[in-house]
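Reviewing the structure listed below.
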2 protein chains.
Amino acid sequence: MYVEIDFSSEEAIYIQLRNQIIFGIATSQLQEGDNLPSVRELADNIGINMHTVNKAYTILKQDGYLKLDRRKGAVIAIDVNKLKAIEELRANLRCILAEAICKNVSCSEIHEVVDQIFNEFERG
Amino acid sequence: MYVEIDFSSEEAIYIQLRNQIIFGIATSQLQEGDNLPSVRELADNIGINMHTVNKAYTILKQDGYLKLDRRKGAVIAIDVNKLKAIEELRANLRCILAEAICKNVSCSEIHEVVDQIFNEFERG
DNA sequence: AAACTGTTATACTTTATGTATAACAAATAT
DNA sequence: ATATTTGTTATACATAAAGTATAACAGTTT
């Protein structure tokens, strides 16, 4: 899996990294049990500091996407808490849909975009 | 419309303020042509600095939710650019749906949440 | 023993956020 | 006319967040 960081972005590097790994999982490029590079290797690879990678990994661990093991390094391990996931989804969607509604985007148009994104992810 | 700021939140005050005004518009509590309090008045009201309110208003203006007039102050004025709105929606949804998909939330479950939120907004 | 894991600690720079005063220009109200 | 109120801009400061840079520790693997 390739990681691309936009250094001119306002989004923090560790957030970009976190999101790209989540994208990798959503598109099945990363699967349960897969190893990620070590914090030092990935930091070197991208050209950033080890602590920035470590921060991304730590957050991914807290959010239930990774397990960090001294033996195996960072391993994809999804902790599926569906109720919690749906409540987080709801909170995030509220903000985004509010903006869309202000701009007169209809409910069916939103559903359409949701389906399109879903298809993107399924194709990888 | 009431504004409630959570000072212990990690979310910047001007972002919280921006979002609450967008929520107000989405729920029709704020409508085209309505006046918002002046930057100084609202700042005093909430108990924050004038510049923080000004930053929120400036962003809302840039994003096409407000017009700022020396005569009338801050007035709700939606600049509906639907294509742009849908592309922004798509970009935002990608991140959020990726997380949901990782947690095995199904497409129909997402649609369900979308409908629920839509109904919330319509009822005000 | 050597090299590699995540992890933690410390120190520093840069940027973002929020506050505090102050002033300007245009519009409104008295 | 004068005073007040509007958004707007500028400057300065304090605090927090983000990122970098070394260094070290404790297990694991080779």
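These figures come from a predicted structure and were not determined experimentally. Lettering of chains follows the sequences in order, A, B, ..., and the numbering in each one begins at 1.
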task = Using a 4.0 Å heavy-atom cut-off across all strands, classify B/Lys67 as base, sugar-phosphate, or nothing.
result = nothing
ask   = Is any side-chain N of the basic residue among B/Asp63 and B/Arg18 closer than 4.0 Å to the acidic one's carboxylate O?
value = yes
query = Tell me: CD1 of A/Ile15 to P of D/dA17, nearest whole Å?
reply = 13 Å
query = For B/Glu87 and B/Arg90, what are the C-alpha separation, side-chain angles and deciding distance, and is it a salt bridge (Lys or Arg N to Asp or Glu O under 4.0 Å)?
reply = CA-CA 5 Å; B/Glu87 284 321 300; B/Arg90 188 187 309 278; 3.3 Å; yes
ask   = Are B/Leu36 and B/Ile46 co-members of a hydrophobic cluster defined by side-chain heavy atoms under 4.5 Å apart?
value = yes
Nucleotide nearest A/Ser38 (side chain, heavy atoms from C-beta), chosen from C/dG6, C/dG18, D/dG7 = C/dG6
query = B/Asn54 has a side chain; which of D/dT8, C/dG18, D/dT6 sits nearest to it?
reply = D/dT8
request  = Verify the distance criterion only: is there a donor paired with an acceptor across the side chains of A/Ser9 and A/Glu11 at less than 3.5 Å?
outcome  = no
task = Check the distance between C/dA26's C1' and B/Leu68's CG and give it to me in whole angstrom.
result = 14 Å
key: Distance, rounded to the nearest Å, where B/Lys55 contributes NZ and C/dA16 contributes C1'   = 7 Å
request  = Please confirm whether the backbone N or O of B/Asp79 pairs with a side-chain atom of A/Lys103, one donor and one acceptor, at under 3.5 Å?
outcome  = yes
query = Which letters describe nucleotides 20-30 of chain D, given B = protein heavy atom under 4.0 Å from base, S = only from sugar-phosphate, - = neither?
reply = BBBBB-B-SS-
ask   = Just how far, in rounded Å, is C1' of C/dG6 from CG of A/Leu36?
value = 13 Å
task = Figure out the CD/P separation between B/Gln16 and C/dG18, and round it to whole Å.
result = 8 Å
request  = Look at the aromatic rings of B/Phe23 and B/Phe121 and report parallel, tilted or perpendicular, splitting at 30° and 60°.
outcome  = perpendicular
task = Take atom CD of A/Glu41 and atom C1' of C/dG6, then tell me their distance rounded to the nearest Å.
result = 14 Å
inquiry  = Please confirm whether the shortest side-chain N or O distance from A/Tyr14 to OP1 or OP2 of D/dG19 is below 4.0 Å.
reply    = no
key: A/Asn35 CG to C/dT5 C1', straight-line distance once rounded to whole Å   = 11 Å
ask   = Does one hydrophobic cluster hold both A/Ile15 and A/Val3, with members joined at side-chain heavy-atom distances below 4.5 Å?
value = no
query = Start at the 5' end of DNA chain C and walk down; is the nucleotide closest to A/Lys61 or to A/Glu10 reached first?
reply = A/Lys61
Atom-pair distance (CD on A/Glu11; C1' on D/dG19), nearest Å = 15 Å
